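Below you'll find the structure, written out as structure tokens, and then a few comments.
Indexing begins at 1, ligand by ligand and atom by atom, following the structure's order. Quick caveat: nothing in here was measured; it's all calculated off a predicted structure.
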Amino acid sequence: MKKDKVLLTGGTGFIGSHTAVELIQAGYEVEILDNLYNSKITALDNIEKITGVRPKFYEVDIRDGDALAKVFAEGNFDTVIHFAGLKAVAESVEKPLTYYEVNIGGTINLLECMQEFGVHKIIFSSSATVYGEPDSPLCVENLPVGRNLANPYGRTKYFIEEILRDVAISDPEFKVTILRYFNPIGAHASGLLGEDPNDKPNNLMPIVMKVAAGEIPELSIFGNDYDTPDGTCIRDYIHVVDLAKGHVAAVEKIGDVEQVQVYNLGTGRGLSVMEIVKAFSKASGMALPHKIVGRRAGDLAALCADPSHAEEMLGWKTELTIDDAMRDTLNYLEKQGVKIK
Ligand code: NAD
Ligand code: UD1
């Protein structure tokens with residue numbers, strides 16, 4: 001049977017580019033739309049080097065409804081994976097309207113085009129952040145969401161989930177898969193794709209990479225007085241290639257399952273910030289400079305996925321380890337010409 005033609009919005013970004021590779025390798029036809037705000041066009045060259053296929057690319061901003069409509073008029077897509085958006089938590093507090101405009105306004109434009117051009121399947125990049133402050137550190141999909149969300153970024157993810165549910169109610173043909181990512185890290189084993197934010201990094205691993213490169217003198221660990229075994233916060237770090245494969249599984253299943261599906265994509269195993277520092281130091285042979293500073297506002301002590309629903313429904317689970325993620329991150333840095341200090 002012919003495989004779906006898939007449009008990836010935000011497909012030159014960190015998670016989108018890895019997903020493009022896995023989809024192409026699984027036999028899907030992939031096209032990419034991105035405004036290159038937080039990614040580079042060289043991602044396309046690298047996807048081509050890895051897969052031998054250069055996806056068709058549209059340099060389009062999802063806020064531009066007319067330009068989006070032209071893409072859909074040409075594309076004849078079966079499924080959309082919607083990665084495009086802004087994701088810097090602190091910036092979302094400073095510029096909430098920009099976040100609502102890009103993330104929510106952009107999604108509405110996309111959904112309007114999908115309706116206009118009869119595209120009925122969407123997979124959305126949501127986040128563990130929608131769980132807010134859950135009663136249990138192990139998140140299952142049916143926990144309440146949207147409570148005590150700490151910032152506008154998190155609220156955009158929650159609101160978009162609700163918008164997608166409303167569109168599904170209004171149109172019985174519409175199929176929605178919501179993927180709640182935990183903490184994506186790592187890089188493609190080729191060293192050609194990885195996380196390379198255009199702006200100042202906010203998340204742990206991009207900061208660790210900058211410390212390793214000597215661009216930031218030391219990692220500030222946000223608190224060691226949490227109620228965890230070593231006092232530092234625990235998160236569920238998932239290798240981006242495992243995450244990308246989760247998208248392939250979601251594309252494969254979306255036509256056959258109930259109208260709205262929600263899956264946690266995580267490993268089910270939590271690691272502390274100190275364990276991440278140790279894993280990086282072990283892989284690189286360098287003692288990563290770090291110091292303990294005060295807690296960061298909005299951080300939870302521990303958050304981890306229960307990924308059993310994804311395993312049961314999608315036949316997907318993570319395969320790669322934290323050591324794989326560190327090895328691949330170092331290989332990516334080396335291929336970028338970064339010298340570990
Ligand atoms: P990324 O910034 O690398 O990728 C997002 C892509 O969207 C970028 O290539 C960027 O240029 C593009 N983009 C931004 N605004 C756009 C616009 N107006 N029009 C068109 N394209 C636009 O981020 P990522 O880590 O690959 O994240 C992908 C998605 O997953 C995002 O929606 C993000 O919120 C979500 N997510 C990421 C994480 C994470 O830790 N990386 C965790 C949970 C959810
Ligand atoms: C953060 C966001 C979350 C968002 C996710 C992906 C907050 C509170 N949460 O999740 O909404 O979905 O990124 O973009 O911002 N850490 C340090 N020092 C650093 C950076 C991080 O100690 O310089 C620690 C943090 O305290 C945390 C862990 O590392 O315990 C992971 O942090 P981060 O990568 O920012 O991810 P989250 O906080 O899980």
Side-chain angles (χ1 to χ4, degrees), residues 8-19 32-41 43 58-64 67-68 81-90 92-93 98-99 101-103 105-107 109-110 124-132 149-157 160 179-185 194-199 201-208 210-211 216 218-224 226 228 232-238 240 243-244 265-266 270-274 276-277 290-304:
L8 310 190
T9 74
T12 42
F14 175 45
I15 304 169
S17 59
H18 287 83
T19 302
I32 289 178
L33 178 160
D34 202 295
N35 70 348
L36 302 177
Y37 172 78
N38 197 36
S39 55
K40 298 187 179 72
I41 193 73
Y58 308 89
E59 188 172 341
V60 165
D61 192 308
I62 52 170
R63 285 170 293 186
D64 183 344
L68 262 187
I81 309 185
H82 182 31
F83 298 99
L86 301 177
K87 62 165 188 175
V89 168
S92 79
V93 176
T98 308
Y99 273 66
E101 188 195 4
V102 174
N103 292 7
T107 303
N109 284 340
L110 183 67
F124 173 60
S125 299
S126 190
S127 165
T129 197
V130 299
Y131 291 109
L149 299 184
N151 52 69
Y153 165 75
R155 274 185 281 280
T156 67
K157 292 294 174 192
I160 294 168
L179 301 179
R180 294 187 184 142
Y181 309 154
F182 282 68
N183 292 62
I185 61 168
E195 190 162 15
D196 186 15
N198 285 347
D199 274 345
N202 302 276
N203 294 114
L204 179 60
M205 272 312 288
I207 294 173
V208 165
K210 296 251 179 234
V211 174
I216 298 177
E218 58 192 344
L219 170 71
S220 294
I221 296 180
F222 298 140
N224 68 347
Y226 285 96
T228 60
T232 65
C233 294
I234 291 177
R235 294 290 181 275
D236 185 337
Y237 296 93
I238 173 171
V240 65
L243 184 63
L265 296 186
L271 289 173
S272 73
V273 180
M274 269 323 290
I276 293 291
V277 169
H290 60 274
K291 65 175 174 194
I292 308 293
V293 300
R295 291 181 176 197
R296 179 173 70 177
D299 269 343
L300 299 174
L303 198 67
C304 192

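Side chains of Val240 and Phe14 form a contact here, defined as non-hydrogen atoms less than 4.5 Å apart.
Any N or O atom pair closer than 3.5 Å counts here, and Gly16 shares no such pair with ligand 1. Any N or O atom pair closer than 3.5 Å counts here, and Asn35 shares at least one such pair with ligand 1. By the 3.5 Å distance cut-off applied to N or O atoms, Phe182 is not counted among the residues near ligand 1. For the pair Asn203 and ligand 1, the shortest N or O to N or O distance does not fall below 3.5 Å.
Ranking protein heavy atoms by distance to atom 2 (O) of ligand 1, first place goes to Asn38 ND2, 2.7 Å. At the top of the distance list for atom 8 (C) of ligand 1, counting protein heavy atoms only, stands Asp34 OD2, 3.5 Å. Scanning all protein heavy atoms for the shortest distance to atom 24 (P) of ligand 1 gives Lys87 NZ, 3.7 Å. Protein heavy atom nearest atom 3 (O) of ligand 1, with residue, atom name and distance: Phe14 N, 2.9 Å. In terms of protein heavy-atom proximity, atom 18 (N) of ligand 1 is closest to Asp61 OD1, 2.9 Å. Summary of contacts: the protein heavy atom closest to atom 40 (O) of ligand 1 is Pro184 CD, 3.2 Å. Nearest protein heavy-atom neighbour of atom 29 (C) of ligand 1: Phe83 O, 3.2 Å.
Using a non-hydrogen distance threshold of 4.0 Å, Gly106 does not register as a contact of ligand 1. Taking a 4.0 Å cut-off on heavy atoms, Thr9 fails to register as neighbouring ligand 1. Taking a 4.0 Å cut-off on heavy atoms, Glu195 fails to register as neighbouring ligand 1. Close to ligand 1: Ser126, with a non-hydrogen atom less than 4.0 angstrom away.
Residue Tyr37 has at least one heavy-atom neighbour below 4.0 Å for each of these atoms of ligand 1: 11 (O). Ligand 1 places these atoms under 4.0 Å from at least one heavy atom of Ser39: 8 (C), 9 (O), 11 (O). Near Gly10, meaning under 4.0 Å from one of its heavy atoms, ligand 1 places the atoms 6 (C), 7 (O). Atoms of ligand 1 lying under 4.0 Å from at least one heavy atom of Leu36, given by number and element, are 11 (O). Taking every heavy atom of Ser125 and a limit of under 4.0 angstrom, the matching atoms of ligand 1 come to 29 (C), 30 (O), 32 (O), 35 (C). Applying the 4.0 Å criterion to heavy atoms of Val60 picks out, from ligand 1, the atoms 19 (N), 20 (C). Atoms of ligand 1 found under 4.0 Å from any heavy atom of Val102, numbered from 1 in the order shown, are 15 (N), 18 (N).
Contact annotation: for Lys157 versus ligand 1, heavy atoms closer than 4.0 Å belong to the side chain alone.
Between Ile234 atom CD1 and Leu300 atom CG the span is 12.0 Å, to the nearest 0.5 Å.
Among Ala88, Ala67, Gly85, the residue whose heavy atom lies closest to atom 14 (C) of ligand 1 is Gly85.
Looking at every heavy atom in both residues, Ile238 comes nearest to Phe182 through CG2-C, 4.5 Å.
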Contact table ligand 2 N or O to protein N or O, d under 3.5 Å:
| unit_1 | atom_1 | unit_2 | atom_2 | d |
| --- | --- | --- | --- | --- |
| ligand 2 | 11 (O) | Thr129 | OG1 | 3.0 |
| ligand 2 | 12 (O) | Ser127 | OG | 3.0 |
| ligand 2 | 13 (O) | Asn203 | ND2 | 2.9 |
| ligand 2 | 18 (N) | Ser220 | O | 2.7 |
| ligand 2 | 22 (O) | Phe222 | N | 2.9 |
| ligand 2 | 26 (O) | Asp299 | OD2 | 2.6 |
| ligand 2 | 34 (O) | Asn203 | ND2 | 3.2 |
| ligand 2 | 34 (O) | Leu204 | N | 2.8 |
| ligand 2 | 35 (O) | Asn203 | ND2 | 3.2 |
| ligand 2 | 35 (O) | Arg296 | NH1 | 3.3 |
| ligand 2 | 35 (O) | Arg296 | NH2 | 3.0 |
| ligand 2 | 36 (O) | Asn183 | ND2 | 3.2 |
| ligand 2 | 38 (O) | Arg296 | NH2 | 2.7 |
| ligand 2 | 39 (O) | Asn183 | ND2 | 2.9 |
| ligand 2 | 39 (O) | Arg235 | NE | 2.8 |

